[in-house]
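Both ligands and their constituent atoms are indexed starting at 1 by order of listing. Numbers here simply count residues along the sequence, with the first being 1.
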Amino acid sequence: MTGERPVAVVAGGSTGIGAAVCRRLDAEGHRVVVVGSTSVDEGTAVADGLDEGEFLRADLGDPGAPADIVAHVEAVHGRLDTVVYAAGRTARIPHPDIHAVTDDVWEPILRLNLLGPWHMIQAAEPLLRKSGNGNVVVVGALAGVDVGGSSIPYAVSKAAVHHMCKLLGGALGPEIRVNAVAPGFIETRWTADWNDFREQISQAAPLRRTGTPEEVAELVVGLVRATYVTGQVVVADGGLSLLP
Ligand SMILES: NC(=O)c1ccc[n+]([C@@H]2O[C@H](COP(=O)([O-])OP(=O)(O)OC[C@H]3O[C@@H](n4cnc5c(N)ncnc54)[C@H](OP(=O)(O)O)[C@@H]3O)[C@@H](O)[C@H]2O)c1
């Protein structure tokens, strides 16, 4: 393997939680490949701010993209140790409005939130197996644990990806660990206009506030380092899910 530093791919690393993960992995000594699709300026700025970072443009809704990313990583860096999959999308549809949920709503959500990480892990598996600490962390969501979320397809996609991580934790050991984090309300562009929900959480959640991308990144990096943990879904929600 070329290079002493471990190499991480952060899918959806241009903005929000993924960008915070890139910075935190960089601080831990990883070379970080930041993958984004439309936020090119943001992704380039994240990569430029890292000690050894690189921005790669790819549409993770395209099933062939992960193989291209991994081929690039192998050619340029010669190794791959960590994959963090933070890319995601939703549609905001009240749950009772089931007729608004057409297949055109389901398909892109499942493609990016479920098949995206599946293809990414499939493509990365041979290199991760050689790493010595091959590991994957998928950013799921509290919506995939509890009944709630911005739409039923989003919540289902996150529940499915959590289960996929458990199954892969069982299937890919001992060389590769697979875990997920399930954030509650985190302050990113995603939640920027969710003012009512922010207010409710600030009043009712045990920790009385919403979370930051850096707090989720801390948990992600904890799982990267947690060499005896696999197949787990760790919730980071300020205690919101404890409420009756
Ligand atoms: N914020 C929250 O409260 C919250 C709560 C629970 C879970 N999450 C999850 O956290 C993850 C990150 O969300 P965020 O809050 O950090 O919001 P965000 O800043 O909007 O991040 C979404 C990321 O997904 C990337 N992405 C979207 N479509 C893509 C595609 N086709 N190909 C490649 N990348 C794509 C975006 O990159 P481009 O802009 O370059 O496309 C962006 O970096 C998501 O999976 C979300 O479900 C967020």
Which residues pass the side chain to side chain contact (heavy atoms under 4.5 Å, CB included) test with T38, not counting sequence neighbours?
none
Is any NZ, NE, NH1 or NH2 atom of the basic residue among D51 and R31 found under 4.0 Å from an Asp or Glu carboxylate oxygen of the other?
no
Test ring pair (Phe, Tyr, Trp, His ring centres under 6.0 Å) on W190 and F197; report intermediate values, then the result.
CA-CA 13 Å; W190 187 292; F197 195 25; over 10 Å; no
Tell me whether T191 has any N or O atom under 3.5 angstrom from an N or O of ligand 1.
no
Location of contacts on E42 toward ligand 1, heavy atoms closer than 4.0 Å:
neither
Per-atom contacts, ligand 1 versus I17 - under 4.0 Å to a heavy atom
10 (O), 16 (O), 48 (C)
Only heavy atoms of T38, strictly under 4.0 Å: list the atoms of ligand 1 that pass.
38 (P), 39 (O), 40 (O), 41 (O)
Residues E74 and R79 bridged, charged N to O under 4.0 Å
no
I want to know if ligand 1 touches G18 in the polar sense, i.e. an N/O pair below 3.5 angstrom.
no
Minimum-distance protein heavy atom relative to atom 35 (C) of ligand 1:
S37 OG, 3.6 Å
Have a look at ligand 1 and work out which part of L112, if any, has a heavy atom under 4.0 Å from it: side chain, backbone, both or neither.
side chain
Non-hydrogen atom of R57 closer than 4.0 Å to ligand 1
no
Measure the distances from the heavy atoms of G184 to every atom of ligand 1 and state whether one is below 4.0 angstrom.
yes
With sequence neighbours left out, what residues match A160 under side chain to side chain contact (heavy atoms under 4.5 Å, CB included)?
L114
CE of M164 to CG of N113: how many Å apart, nearest 0.5 Å?
11.0 Å
Backbone or side-chain N or O of A86 under 3.5 Å from ligand 1 N or O:
yes
Proximity of A58 to ligand 1 by residue part, where a heavy atom lies under 4.0 Å
backbone
